[in-house]
Amino acid sequence: MNVSCNLTKKNITLSIVIAVITVFAIAGKIEAQSTPTTTAAPAAETTQNAETQTETPAPAAEAQPEAPSQDSEIGLVKLFVTGGWSMWPLLLSSIVGFGVILERMYFFFTAKLVRKGYNQDLQDAIDASGMQGVDEFLKANEGQRITDVLKNGMEVSQNDPEIFAAGIEREAGEVMTLLEKGLTVLSAVSTIAPLVGFLGTVSGMINAFDAIANADQVNAKVVAGGIKEALITTAAGLIVAIPAMTFYQYLQGRVGFFTSEVEEAANKIYKEYLKLKAGKKA
């Protein structure tokens, strides 16, 4: 693709150079036909001008490939400035949202929450040895957040299922607070950014209609500035909101998965406590 683009640019450049040379040649012929024959000095000057004119397109052809990069760099700044005042809160919200996304992604990829197949292995340990199997299983799976929640709940349970359930709820609540850190900010960014973009759209349309009201003759150039501002702010608001909403839903799913795993494991142990309590009564 890059090779074809470069060839296309070279072909366009050569076409422009040939067109310029042709135009000057035709102009020189017309001028020579319209003016009477004079001394050789003007003819020499015209030939020198033609030579210089034919030589001048060469530097332009060499400098042409650098022009698009400069235009693109300046274009981003121009788009930001054209968007008006609403681009500044959108820029701030994008920085905040991007920072929260990076921090949360690093946390979830480094924190050991729960491994795959955890509850199935716990059920196998319960079927094999009961509560003793639970203790051995938790010791073998130390370092995971779900294991810490279950162990802390069992420590305060005093072999009572209701106390165990209350302890699990308290311990899981502390972990959930840590997991949901920053998600409120992402939710706010994904909600507020489109609204700010739409507010910039309204501002741009107001400017467009104001230009129409103040113009003697209405044409496309009169309203183009306001409409461009409106479209830029709308696009910027969506560009900020879509990634924020996407990562919010993904991280919320990770939190929900951990919650369901804790509930399932706690229910398995809760049933064993009920069996022990019923056995003591019997």
Side-chain angles (χ1 to χ4, degrees), residues 96-193 241-282:
V96 173
F98 186 67
V100 173
I101 289 171
L102 288 180
E103 190 273 332
R104 287 289 86 190
M105 293 298 291
Y106 176 78
F107 172 80
F108 276 99
F109 278 109
T110 55
K112 297 180 180 179
L113 299 178
V114 54
R115 65 174 176 81
K116 186 177 180 181
Y118 185 92
N119 280 309
Q120 184 60 47
D121 294 341
L122 175 62
Q123 185 62 53
D124 294 339
I126 292 174
D127 295 338
S129 305
M131 289 302 299
Q132 183 179 356
V134 172
D135 294 333
E136 294 175 354
F137 176 81
L138 295 180
K139 289 179 181 179
N141 289 272
E142 290 182 351
Q144 300 187 47
R145 294 299 176 97
I146 187 173
T147 301
D148 296 338
V149 171
L150 296 175
K151 286 180 66 175
N152 293 333
M154 292 176 64
E155 287 176 358
V156 300
S157 66
Q158 300 176 358
N159 294 330
D160 187 284
E162 301 303 327
I163 298 177
F164 170 74
I168 288 292
E169 184 177 356
R170 178 179 58 83
E171 294 295 331
E174 293 179 359
V175 178
M176 291 296 295
T177 302
L178 180 62
L179 296 181
E180 293 177 347
K181 179 183 177 182
L183 296 185
T184 305
V185 177
L186 275 184
S187 177
V189 169
S190 63
T191 304
I192 294 174
I242 291 173
M245 177 59 71
T246 301
F247 280 98
Y248 172 78
Q249 294 294 337
Y250 169 74
L251 296 174
Q252 194 68 39
R254 293 289 299 270
V255 174
F257 174 76
F258 178 78
T259 303
S260 64
E261 290 291 305
V262 171
E263 290 178 354
E264 184 179 352
N267 286 333
K268 295 179 186 299
I269 300 175
Y270 181 81
K271 291 177 182 178
E272 290 302 311
Y273 277 125
L274 289 176
K275 292 178 181 178
L276 290 176
K277 189 175 181 180
K280 288 180 181 179
K281 289 183 178 179

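Owing to the predicted nature of the structure, the values given are computational and were not obtained by experimental measurement.
How far CG of L122 is from CD of E261: 10.5 Å, rounded to the nearest 0.5 Å. Expressed to the nearest 0.5 Å, how far CD1 of I168 lies from CG of N267 amounts to 10.0 Å. Annotation: the span from Q158 atom CD to I163 atom CD1 amounts to 5.0 Å, rounded to 0.5 Å. Note that the CD atom of E171 and the CG atom of L150 stand 10.0 Å from one another [nearest 0.5 Å]. Distance check, rounded to the nearest 0.5 Å: CG of N141 to NZ of K112 gives 11.0 Å. The CD atom of Q252 lies 8.5 Å from the OG atom of S187; values are rounded to the nearest 0.5 Å.
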Requested in this report: List the steps, then state whether side-chain contact (heavy atoms from CB on, under 4.5 Å) holds for Y270 with E162.
Outcome: CA-CA 8 Å; Y270 181 81; E162 301 303 327; 2.7 Å; yes

Requested in this report: Kindly determine whether V149 and E174 satisfy side-chain contact (heavy atoms from CB on, under 4.5 Å), including the steps that lead there.
Outcome: CA-CA 9 Å; V149 171; E174 293 179 359; over 6 Å; no

**Report entry** Intermediate values then yes/no, side-chain hydrogen bond (donor to acceptor under 3.5 Å, both in side chains), D148 and Q144
**Finding:** CA-CA 7 Å; D148 296 338; Q144 300 187 47; over 6 Å; no

Requested in this report: Show the numbers, then the answer: is there a side-chain contact (heavy atoms from CB on, under 4.5 Å) between V255 and F108?
Outcome: CA-CA 9 Å; V255 174; F108 276 99; 3.8 Å; yes

Report task. Show the numbers, then the answer: is there a side-chain contact (heavy atoms from CB on, under 4.5 Å) between L251 and M105? Result -> CA-CA 8 Å; L251 296 174; M105 293 298 291; 4.0 Å; yes

Indicate every side-chain donor-acceptor pair of residues 175-186 with a distance under 3.5 Å to a residue at least two apart or in another chain.
| residue | atom | partner | partner atom | Å |
| --- | --- | --- | --- | --- |
| T177 | OG1 | G173 | O | 2.9 |

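Seen from the ring of F257, R254 does not count as a face-on cation partner, given the 6.0 Å and 45° thresholds.
A heavy-atom distance below 4.5 Å is found between the side chains of M154 and V134. Contact annotation: the side chain of R104 approaches that of V100 to within less than 4.5 Å [non-hydrogen atoms, C-beta and beyond].
Taking every heavy atom of both residues into account, P161 and L274 meet most closely at CG-CD2, 3.6 Å. Here the shortest heavy-atom pairing between P243 and I101 reads O-CD1, 4.2 Å. What you find for I146 and A265 is that their closest heavy atoms are CD1-CB, 4.3 Å. Summarising the geometry of A241 relative to S190, their closest heavy-atom pair is CB-O, 3.6 Å, with the distance given to 0.1 Å.
Checked for salt-bridge contact, K139 and E136 miss the test: no charged N lies under 4.0 Å from a carboxylate O.
Every residue meeting the ring-ring contact (aromatic ring centres under 6.0 Å, His included) condition with Y273, not counting sequence neighbours, appears here in chain and number order: F164. Partners of F137 under the ring-ring contact (aromatic ring centres under 6.0 Å, His included) rule, at least two apart in sequence or in another chain, are Y118.
Between the side chains of Q123 and D127, at least one donor N or O sits under 3.5 Å from an acceptor N or O.
Under a cut-off of 6.0 angstrom, the local environment of CD in E169 is sparse, with at most 12 non-hydrogen atoms contributed by other residues, nucleotides or ligands.
Checked by atom type and distance alone, the side chain of N119 never pairs as donor or acceptor with a backbone atom of E264 at under 3.5 Å.
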